[in-house]
Amino acid sequence: MSETCLAEKSRDFVTAVDEKNIIVVKELADKAGSRELEKMAKEMMEILRAESEDDKIHIAYGTVVNDIKEVSKSYKEAKTGVGCRQDLL
């Protein structure tokens with residue numbers, strides 16, 4: 001996978017959770033809102049679909065946080081959102 005496309009800024013990072021799941025932590029501009037998050041998610045989806053044969057790609061994001069210590073809580077929110085979405089499919 002092209003991690004450099006997902007982690008564009010020096011403070012962005014990508015890490016594997018397991019064989020099928022990754023976490024992407026992105027630095028956002030101070031005034032970035034839901035439109036910017038939607039745009040980033042769509043761009044990531046396009047990148048992942050272009051590089052993967054798997055058509056079951058899900059992207060979720062949690063609350064925007066100001067401190068790296070809060071990323072875990074945001075990840076749990078995103079993970080819960082993906083679980084709920086899969087239950088609906």
Side-chain angles (χ1 to χ4, degrees):
M1 175 192 345
S2 180
E3 291 181 17
T4 56
C5 291
L6 298 177
E8 299 166 325
K9 298 177 184 172
S10 63
R11 293 179 59 178
D12 295 350
F13 68 89
V14 178
T15 187
V17 176
D18 55 36
E19 292 177 3
K20 293 189 172 201
N21 296 289
I22 62 169
I23 296 172
V24 180
V25 177
K26 304 279 290 174
E27 179 181 16
L28 301 175
D30 288 338
K31 296 183 181 184
S34 59
R35 286 186 184 165
E36 183 65 23
L37 291 174
E38 285 290 328
K39 181 181 172 194
M40 292 169 109
K42 287 178 183 178
E43 290 171 356
M44 284 186 217
M45 181 68 79
E46 290 173 7
I47 291 166
L48 294 171
R49 283 192 173 147
E51 294 187 3
S52 175
E53 296 176 12
D54 188 354
D55 62 341
K56 295 182 180 181
I57 297 172
H58 304 281
I59 293 181
Y61 48 89
T63 303
V64 175
V65 298
N66 294 315
D67 191 314
I68 193 72
K69 295 174 188 175
E70 299 173 34
V71 169
S72 176
K73 179 181 175 186
S74 182
Y75 168 72
K76 289 175 186 174
E77 291 173 357
K79 186 175 174 185
T80 300
V82 168
C84 291
R85 172 101 171 107
Q86 288 175 344
D87 290 342
L88 296 173
L89 297 176

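Keep in mind it's a predicted model, so treat the numbers as computed, not measured.
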E46: side chain to side chain contact (heavy atoms under 4.5 Å, CB included) partners, not counting sequence neighbours: none

Side-chain touch R49/I57, heavy atoms, less than 4.5 angstrom: yes

Euclidean distance, E27 CD relative to D12 CG, rounded to 0.5 Å: 6.5 Å

Partner set under side chain to side chain contact (heavy atoms under 4.5 Å, CB included) for K39, not counting sequence neighbours: E36, E43

Spacing of H58 atom NE2 and L48 atom CG [to the nearest 0.5 Å]: 12.0 Å

Shortest non-hydrogen separation from I59 to M44 and the atoms involved: CD1-CB, 3.8 Å

Heavy-atom closest pair, residues E70 and N66: OE1-N, 4.1 Å

Nearest-0.5 Å distance that lies between atom NZ in K79 and atom OG in S74: 13.5 Å

Closest approach of A78 to A60 (non-hydrogen atoms, all atoms of both residues): O-CB, 3.4 Å

Rounded distance (nearest 0.5 Å) linking atom CE of M45 with atom CE of M40: 15.0 Å

